[in-house]
Amino acid sequence: MNHRREYEIAFVGLKPGVHVYEYKVDDKFFIPYGEQDFSNCDATVKLLLDKKSGFMQLKFDIDGSIQAGCDRCGNTLPLQLWDEFNIIVKMVDEPDTLNEQEEDPDVYYISRNESHLQVANWIYEFVNLSIPLQKTCSPEEMGGPKCNKEVLEKLRKMEEEATRDSTPTVWKGLEKFKDLE
């Protein structure tokens with residue numbers, strides 16, 4: 001079975017109402033998308049598809065964990081994933097034109113002739129959007145067993161040097177012209 005087919009939903013035969021799908025996402029899922037900034041992904045994506053006449057509401061719940069490099073010291077850091085995303089899929093005659101014109105990223109158009117909905121790209125985007133922007137230990141954990149102490153020491157020394165040389169070099173030497181008449 002094609003790996004991508006498991007992320008296809010045949011919505012034509014579904015009755016109106018809420019349908020629940022659950023997907024396990026690991027590192028193998030991301031191979032077609034290229035190298036990622038994280039590893040050891042263990043996520044669960046719960047999808048609630050509410051089928052109406054003419055459109056569908058999709059609600060993605062992301063939950064899980066990844067390993068990513070710390071922004072401060074570079075060591076691997078475990079991070080929690082959690083977020084919710086909503087998409088409205090409308091069935092229209094000219095989906096390509098409407099998708100180009102649509103300004104709301106949460107609205108997507110498909111052809112009335114479509115029978116399957118591919119959700120893999122949305123799962124990819126939503127897992128990546130669930131990753132915290134700042135990937136660092138909390139201030140209480142800084143310098144703890146997960147931190148690279150050599151890098152933290154170098155950062156501390158660089159900070160000391162920067163504060164020591166706090167006089168702007170642009171104005172250096174101009175003091176002698178201060179009291180001229």
Practice problem: Applying side-chain contact (heavy atoms from CB on, under 4.5 Å), run through I66 and I131 and close with a yes or a no. | Solution: CA-CA 8 Å; I66 61 163; I131 298 171; 3.7 Å; yes
Self-check item: Point-to-point distance, once rounded to the nearest 0.5 Å, from CD of E8 to OG of S115
Solution: 8.0 Å
Quiz item: Between T136 and D71, which heavy-atom pair has the shortest distance, and what is it?
Solution: CG2-CB, 3.8 Å
Quiz item: Side-chain heavy atoms under 4.5 angstrom apart, residues restricted to Ile, Leu, Val, Met, Phe, Trp, Tyr: same cluster for L79 and W82?
Solution: no
Practice problem: Ignoring hydrogens and angles, tell me if any N or O in the side chain of Q36 forms a donor-acceptor pair with the backbone of G34 under 3.5 Å. | Solution: yes
Quiz item: If you draw a 6.0 Å radius around CD in Q57, do more than 12 non-hydrogen atoms from other residues or ligands fall strictly inside?
Solution: yes
Quiz item: Roughly how far, to the nearest 0.5 Å, is the CD atom of E159 from the NZ atom of K154?
Solution: 15.5 Å
Quiz prompt | Between CZ on residue F60 and OH on residue Y23, distance to nearest 0.5 Å | solution = 7.5 Å
Self-check item: Nearest-0.5 Å distance, OG of residue S130 to CG of residue D83
Solution: 4.5 Å
Self-check item: Considering all heavy atoms, the nearest P32-K28 contact
Solution: CD-O, 4.0 Å
Quiz item: Is there side-chain contact between S111 and P95, with at least one heavy-atom pair below 4.5 Å?
Solution: yes
Quiz item: Do we see a donor-acceptor contact under 3.5 Å between the side chains of N121 and Y33?
Solution: yes
Quiz prompt | Trace of the ring-ring contact (aromatic ring centres under 6.0 Å, His included) decision for F85 with F126 | solution = CA-CA 7 Å; F85 300 93; F126 296 152; 4.3 Å; yes
Self-check item: Y109 OH to E100 CD distance, which is reported to the nearest 0.5 Å
Solution: 12.5 Å
Quiz item: Nearest 0.5 Å, what's the NE2-CZ distance between H116 and R5?
Solution: 6.0 Å
Exercise. Run through N128, V45, T44 and flag the one making a side-chain contact (heavy atoms from CB on, under 4.5 Å) with I62.
Key: V45
Quiz item: Is K46 salt-bridged to D63, going by a charged N under 4.0 Å from an acidic O?
Solution: no
Practice problem: Give a yes or no on whether L58 and F55 share a hydrophobic cluster (residues Ile, Leu, Val, Met, Phe, Trp, Tyr; joining criterion: side-chain heavy atoms under 4.5 Å apart). | Solution: no
Self-check item: Derivation and outcome, ring-ring contact (aromatic ring centres under 6.0 Å, His included), residues F30 and F38
Solution: CA-CA 10 Å; F30 295 98; F38 57 86; 5.1 Å; yes
Self-check item: Beyond-backbone contact of L48 with D61, side-chain heavy atoms, under 4.5 angstrom
Solution: yes
Quiz item: Has the side chain of R112 got a donor or acceptor atom that lies under 3.5 Å from a matching backbone atom of M91?
Solution: yes
Quiz item: Are any non-hydrogen side-chain atoms of L49 and V119 less than 4.5 angstrom apart?
Solution: no
Quiz item: Would I88 end up clustered with I123 when hydrophobic side chains under 4.5 Å apart are linked, directly or stepwise?
Solution: no
Quiz item: Are any of the side-chain nitrogens in D26 or K24 under 4.0 Å away from the carboxylate oxygens of its partner?
Solution: no
Quiz item: Taking atom CG of D106 as the centre, does the number of heavy atoms from other residues, nucleotides or ligands within less than 6.0 Å exceed 12?
Solution: yes
Practice problem: Using modelled atom types only, decide if a donor and an acceptor are shared between the side chain of K51 and the backbone of F11 within a distance under 3.5 Å. | Solution: yes
Quiz prompt | 4.5 Å side-chain heavy-atom contact, N99 and T97 | solution = no
Quiz item: Do V107 and I110 share a hydrophobic cluster, counting only Ile, Leu, Val, Met, Phe, Trp and Tyr and linking them when any side-chain heavy atoms are less than 4.5 Å apart?
Solution: no
Quiz item: Can you name the nearest heavy-atom pair linking L81 to A43, along with the distance?
Solution: CD1-CB, 4.1 Å
Exercise. Would you please test W122 and Y7 for ring-ring contact (aromatic ring centres under 6.0 Å, His included) and show each step?
Key: CA-CA 10 Å; W122 286 323; Y7 300 99; over 10 Å; no
Quiz prompt | More than 12 heavy atoms of other groups within 6.0 Å of Q134 CD | solution = no
